Amino acid sequence: MEFLHRRITGWFAETARDLPWRDPGCGAWGVLVSEIMLQQTPVVRVLPVWEEWLKRWPTPAGLAAEPAGEAVRNWGRLGYPRRALRLHAAATAIVENHNGRVPDTYTELLALPGVGSYTAAAVAAFAYGRRETVVDTNIRRVHARLVAGAALPAPALTAAEMRLAASLLPDDDAASVRWNAAVMELGALVCTARAPKCADCPVKDSCAWRAAGEPPPSYVPKGQAWHGTDRQVRGAVMAVLRLADAPVPAEMFLQPPADLGFAPEGIGVPLAALHRLNSAPEQLERAMSGLLTDGLAEIHDGGYRLPA
DNA sequence: GATCCGTGGGG
DNA sequence: TCCCCAAGGAT
């Protein structure tokens, strides 16, 4: 095990990307924001948005002082905008329950909106140097191949995986933090889901999957449907709301602007994209009502807008 | 445990 | 072109 630790953390020391949230001076708030943004979203798309967020809201109190809709608007096109809502709620909880300071224990972090087992462990480890069993999709995949000899981890996180990850974690605090970051980075850059770059792998000679002849996955991951789904419609509606500076009347969503006899100010492009989907009226209604339910939109002066 | 929830770059 | 999938979380 010492061998794996040395090899992988050594590789990390040489190869690691220079990401701003890895800067020692970044602070726990910056780490928390990065972790929420990075949920299901690639690093390259997070970088510019993260920079703007931290410039605008350097502290949880700064974000908490603004309407939730501002968080959603500045989330831009990162996707899964509920994360923006939860991050705003987390900032509020941090101000109210933790004197404005991001909590430093796994349990307290886990209680924050939008923070699950992965994010709680990651913030405790990367922001506060704690020894935590961090398990994300990258770490799961590296463990699956390196130790279990499988092409992919199980469809859902299992207790066995958690035990394995815990057993591999170095005893020393600082070493455990480096290990977590290094394995995650290895999964992100080398031991990738598609076309892993085994030639660049620091532990290829110890890899159970390679030793087994790289057997194919034992199951086929089911892809996420997109075209024609409510998610697609919701996304198109949100694109309109982000650009709107006044409530958008419901009929603008339900009828092509040309039929309304006027060109909408500023929101013409996303509105045209929405109507290009040609969704059934029931689906549009369902999507928009879902946005209200989720708190991503509200009705004001007879129109839809981001929550104020 | 299965589903739902956005977006866009790369293979 | 199409399809895969990326530092998950909540229900």
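If you're wondering where the values come from, they're calculated on a predicted model, not measured in any experiment. Just the heavy atoms: all of them, side chains too, but no hydrogens, waters or symmetry mates, feed the values below. Quick note on labels: first sequence line is chain A, next is B, and so on, each numbered from 1.
- Along DNA chain B, the nucleotide nearest Arg77(A) and the nucleotide nearest Asp230(A) are compared for position; the residue whose nucleotide lies closer to the 5' end is Asp230(A).
- Atom CG in Leu85(A) sits roughly 11 Å away from atom P in dG6(B) (whole-Å rounding).
- The CE atom of Met37(A) sits 15 Å away from the P atom of dG8(B) (whole-angstrom rounding).
- Look at the C1' atom in both dC4(C) and dG6(B): the space between them is 15 Å, to the nearest Å.
- For the residue pair Glu35(A)/Tyr118(A), the side-chain donor-acceptor check at 3.5 Å is satisfied.
- Look at CH2 on Trp226(A): it is 19 Å from P on dT3(B), rounded to the nearest Å.
- By the 4.0 Å N-to-carboxylate-O rule, Arg73(A) lies too far from Glu66(A) to be salt-bridged with it.
- For dA2(B), neither phosphate oxygen OP1 nor OP2 lies less than 4.0 angstrom from any side-chain nitrogen or oxygen of Lys222(A).
- If you take atom P in dG9(C) and the same atom in dG8(B), they sit 23 Å apart, rounded to whole Å.
- dG8(C) and dG1(B): their C1' atoms are spaced 16 Å apart (whole Å).
- In this structure, a donor-acceptor pair under 3.5 Å is absent between the side chains of Arg7(A) and Ser206(A).
- Note on Ile139(A): nothing from the nucleic acid sits closer than 4.0 angstrom, heavy atoms only.
- Without hydrogens or angle criteria, Arg83(A) side chain to Met37(A) main chain gives a donor-acceptor distance under 3.5 Å.
- Backbone-only engagement by Arg242(A) is indicated by non-hydrogen atom pairs under 4.0 Å involving sugar-phosphate atoms exclusively.
- One P atom belongs to dG11(B), the other to dA7(C), and the distance between them is 15 Å to the nearest Å.
- Atom CD of Glu51(A) has more than 12 heavy atoms from other residues, nucleotides or ligands within 6.0 Å.
- Atom OH of Tyr219(A) is separated from atom C1' of dC4(C) by 13 Å (rounded to the nearest Å).
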Tell me, for nucleotides 6-11 of chain C in 5' to 3' order, what letter each nucleotide earns: B for a base near a protein heavy atom under 4.0 Å, S for only sugar-phosphate near one, - for neither? BBBBS-

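- The interatomic distance linking Leu296(A) (CG) with dT7(B) (C1') rounds to 15 Å, in whole Å.
- In this structure, CD1 on Ile299(A) lies 5.0 Å from CG on Leu292(A), to the nearest 0.5 angstrom.
- Atom CE in Met238(A) sits about 8 Å away from atom P in dG6(B), given to the nearest Å.
- Ring geometry for Trp179(A) against His143(A) counts as parallel: the plane angle stays under 30°, on a 0 to 90° scale with 60° as the upper cut.
- Using a 4.0 Å heavy-atom criterion, one finds that Gly235(A) contacts the sugar-phosphate atoms exclusively.
- Between Leu274(A) atom CG and dG6(B) atom P there is a gap of 14 Å when expressed in whole angstrom units.
- The interatomic distance linking Trp75(A) (CH2) with dG8(B) (C1') rounds to 16 Å, in whole Å.
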